[in-house]
2 protein chains.
Amino acid sequence: MVVTDAAGPTAGHELPTGKTRDALRAAHLYYLQDLTMDAIAKELHTSRSSVSRLLSHARATGLVEISIHSPLDLPSRLEQDILERHEVSAHVVPVPDHASDVDRLERVALSAARILTRFIDSNQTIGVAWGSTMSAMSRHLAPKATHNSEIVQLNGAGNLRTTGILYASELLRRFGDAFGARVQQFPVPAFFDDPATKEAFWRERSTKRLLDLQASMDVAIFGIGSPFAEVPSHVYQGGYLERADYQALSRDGVVGDVATVFYRADGSTDGIPLNSRATGPDFGVLRRAPRRICVVSGQAKLPGLTGALAAGLITDLIVDEGTARRLVEDSAVEVGTPPERSTGTAMES
Amino acid sequence: MVVTDAAGPTAGHELPTGKTRDALRAAHLYYLQDLTMDAIAKELHTSRSSVSRLLSHARATGLVEISIHSPLDLPSRLEQDILERHEVSAHVVPVPDHASDVDRLERVALSAARILTRFIDSNQTIGVAWGSTMSAMSRHLAPKATHNSEIVQLNGAGNLRTTGILYASELLRRFGDAFGARVQQFPVPAFFDDPATKEAFWRERSTKRLLDLQASMDVAIFGIGSPFAEVPSHVYQGGYLERADYQALSRDGVVGDVATVFYRADGSTDGIPLNSRATGPDFGVLRRAPRRICVVSGQAKLPGLTGALAAGLITDLIVDEGTARRLVEDSAVEVGTPPERSTGTAMES
DNA sequence: AAGCCGAATGAACAAACGTGCAGGGGGAGA
DNA sequence: TCTCCCCCTGCACGTTTGTTCATTCGGCTT
């Protein structure tokens with residue numbers, strides 16, 4: 001009976017319907033005026049159900065943003081400790097200690113996706129790695145409209161068994177969709193077989209263009225790979241590396257990787273042969289990005305995380321509570337602060 | 001059995017309990033991780049009810065902030081029109097046309113209180129007027145922690161019958177509480193009987209200090225008084241003015257007031273005798289504040305609003321939909337744009 | 001030491017909300 | 001013009017959330 005909204009004629013213009021308009025109005029009434037969905041339904045001449053759906057839509061498309069501010073005076077002891085010891089702004093994700101690794105990853109990724117919003121803006125070049133953490137994140141991104149931003153793939157994703165490209169491109173696409181940004185793929189394998197091939201490739205103009213983009217990133221987002229953890233990261237399951245490669249990594253004292261670039265506990269990367277075949281950005285390049293966001297879930301990644309911190313790769317860290325606690329405890333010992341009992345959040349039973 | 005949180009001994013420090021800590025954690029879990037309150041209750045070892053209460057607390061104290069962004073491409077036709085015609089950034093509050101004036105005011109005030117948050121920050125001097133609109137707003141402010149900010153009363157509040165001070169101080173106090181700001185009262189009557197008394201008072205050092213504060217405001221917040229509307233504003237009911245005063249105002253062509261300073265339709269204030277007895281800031285002073293937020297509800301205030309716009313008093317306008325529509329229609333005629341049919345939001349039946 | 005008061009708790013209820021499902025409207029194509 | 005298909009709608013149900021109430025807990029006074 002009543003047409004939903006403006007824009008009469010057939011389709012044709014940018015947005016298909018006035019649905020977003022309604023969603024916006026519903027969101028105003030719900031979140032700013034505290035009306036019940038019932039009441040909103042009456043004002044919009046529709047049913048409660050539809051209002052519920054409109055509000056879902058509004059949240060899902062980022063019309064509504066919900067953010068949480070610590071009251072500045074009590075910024076989670078853990079976060080403060082991490083800031084002091086590593087000069088990194090931390091976001092600790094509360095997760096019960098008994099949660100499974102899968103749960104933990106999922107929950108950290110969900111939180112991270114929502115927190116990420118505040119770092120993304122217009123006219124930015126955003127570097128994105130891939131892996132199980134990034135993948136989980138990509139599935140939960142809170143959309144935010146930006147102009148003229150660009151998603152740049154940080155490292156190649158091809159491997160021996162499948163192209164892997166599809167997986168990575170799907171991941172990138174999700175980032176692009178969420179922020180209305182162009183996506184720049186990096187169509188190379190994760191590792192070349194021959195360093196010479198890589199170098200040849202790196203001289204190609206199309207490759208150079210991409211490397212230039214990477215060098216001018218405003219934000220980089222990545223997880224941490226941990227080659228020797230019980231729960232291996234995506235890279236280590238997917239057939240990207242061979243047995244001999246692992247042995248080499250082990251010999252070299254590697255503790256982790258960021259965007260398929262490997263490093264030792266002290267953050268050094270020199271003399272790790274595999275890196276000359278890897279496609280991720282040199283840490284020097286990576287560090288040029290003013291904001292470098294690292295998402296970590298699970299204590300298995302602690303050595304990797306510590307190494308990445310030592311390498312100065314991280315400016316913003318999103319990490320689960322248990323891992324954060326261990327991180328602080330470890331470095332407390334290191335620095336000489338007495339390893340005082342855990343500060344005792346309510347979760348500690 | 002399980003103590004709620006850290007901070008062992010008796011009271012004594014700033015915050016009474018670790019309640020805020022729990023609220024923060026609950027908010028994380030609820031808004032960032034989409035857990036149900038049930039699940040959160042288990043993680044926190046408490047009951048659902050308590051979690052519900054914790055979340056209420058989190059929202060009420062501003063730990064959680066919910067904001068709404070128009071997707072930049074469709075910023076409510078009305079808001080855009082107002083911006084173009086009056087160079088004022090508008091926030092149109094959706095309210096059904098059939099709502100009562102009381103409802104309308106309440107809803108605009110609620111929205112305004114929530115929107116206000118984004119304008120308030122640390123190290124600011126914030127001027128606040130009073131009246132029914134401001135009072136309604138004060139009851140709904142979303143708290144936000146700031147340092148070193150100051151609330152300054154814009155105009156006196158004493159009248160013939162009661163001191164009125166109590167009313168105004170309560171209002172100011174609410175602003176101060178919400179933002180953790182100091183409150184500077186202005187203990188003078190709304191109108192002096194004799195201009196000479198006012199001038200004498202204005203020479204007092206204590207008064208001067210306050211006037212200086214006003215002159216260095218970063219933000220001013222005020223409603224609009226409409227002396228001749230059917231639903232008179234607070235000033236006009238409270239016994240602040242006498243019959244003769246009204247007649248004078250009428251003779252002078254006054255259409256409204258801002259912080260008890262009266263003006264005509266063209267925004268002029270010169271030659272309105274009552275102003276020399278009023279205690280609100282001269283418009284010249286007011287206009288020095290870089291951000292001047294005006295909250296208006298109800299079409300009765302249209303003439304007043306138009307005058308305030310003409311006087312250039314407003315940089316940010318929060319207004320109900322019906323009034324916004326009328327405002328645009330009126331100025332459309334004025335400017336010469338054909339008075340096209342209302343653009344037809346869903347509410348128009 | 002007993003008693004009082006206010007704040008905080010959890011159970012139970014009532015309200016509000018989300019979602020699967022069947023039905024209907026409208027546009028594209030035949 | 002008819003048909004098909006997809007998307008949207010509202011209903012009904014089960015779940016989730018808010019709130020009231022009786023009770024307990026802890027601190028402080030008498």
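Throughout, a chain's letter reflects where its sequence line sits, starting with A, and its residues are numbered from 1.
Minimum atom distance to the side chain of B:Ser52 is reached by D:dG18, of the listed D:dT9, D:dT17, D:dG18. Minimum atom distance to the side chain of A:Ser50 is reached by D:dT9, of the listed D:dT9, D:dG18, C:dC17. For A:Arg53, the listed nucleotide lying nearest its side chain is D:dG10; candidates were D:dT17, C:dT9, D:dG10.
The distance from atom CG of B:Asp34 to atom C1' of D:dT17 is 15 Å, rounded to the nearest whole Å. The distance between atom CG of A:Leu35 and atom P of C:dA16, rounded to the nearest whole Å, is 12 Å. Between the NE2 atom of A:His45 and the P atom of D:dT9 there is a distance of 14 Å, rounded to whole Å. Distance B:Asp22 CG to C:dT9 P: 9 Å, rounded to the nearest Å. Spacing between atom NE2 of B:His57 and atom C1' of C:dA8 amounts to 13 Å, rounded to whole angstrom units. Whole-Å rounding puts the B:Leu44 CG to C:dT9 C1' distance at 14 Å. Taking atom CG of residue A:Leu54 and atom C1' of nucleotide D:dG10, one finds them 13 Å apart after rounding to whole Å. Atom-to-atom, CD1 of B:Ile40 to C1' of D:dT17 comes out at 11 Å; the value is rounded to the nearest Å.
Between A:Thr46 and D:dG10 there is a side-chain polar atom (N or O) within less than 4.0 angstrom of OP1 or OP2. In this structure, A:Ser56 does not reach the C:dG18 phosphate: none of its side-chain N or O atoms is under 4.0 Å from OP1 or OP2. For A:Arg59 and C:dG18, the shortest distance from a side-chain N or O to OP1 or OP2 is below 4.0 Å. For C:dC17, one of the phosphate oxygens OP1 or OP2 lies less than 4.0 angstrom from a side-chain nitrogen or oxygen of A:Thr36.
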Practice problem: For A:Arg59 and A:Tyr31, run side chain to side chain donor-acceptor pair (under 3.5 Å): C-alpha distance rounded to whole Å, both residues' side-chain angles, the deciding distance at 0.1 Å, then the answer. | Solution: CA-CA 11 Å; A:Arg59 285 187 300 261; A:Tyr31 289 108; 2.8 Å; yes
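Inspection of the B:Ser122 and B:Asn148 side chains reveals no N or O donor paired with an N or O acceptor under 3.5 Å. A donor-acceptor pair shorter than 3.5 Å can be found between the side chains of B:His69 and A:Glu65. Side-chain N/O atoms of B:Ser50 and B:Ser47 include a donor and acceptor closer than 3.5 Å.
Contact of A:Ser49 with D:dC11 (side chain to base): a donor-acceptor pair of N or O atoms is detected under 3.5 Å. No donor-acceptor contact under 3.5 Å links the side chain of B:Arg48 to the base of D:dG18.
Distance check, rounded to the nearest 0.5 Å: CD1 of A:Ile318 to CZ of A:Arg114 gives 13.0 Å.
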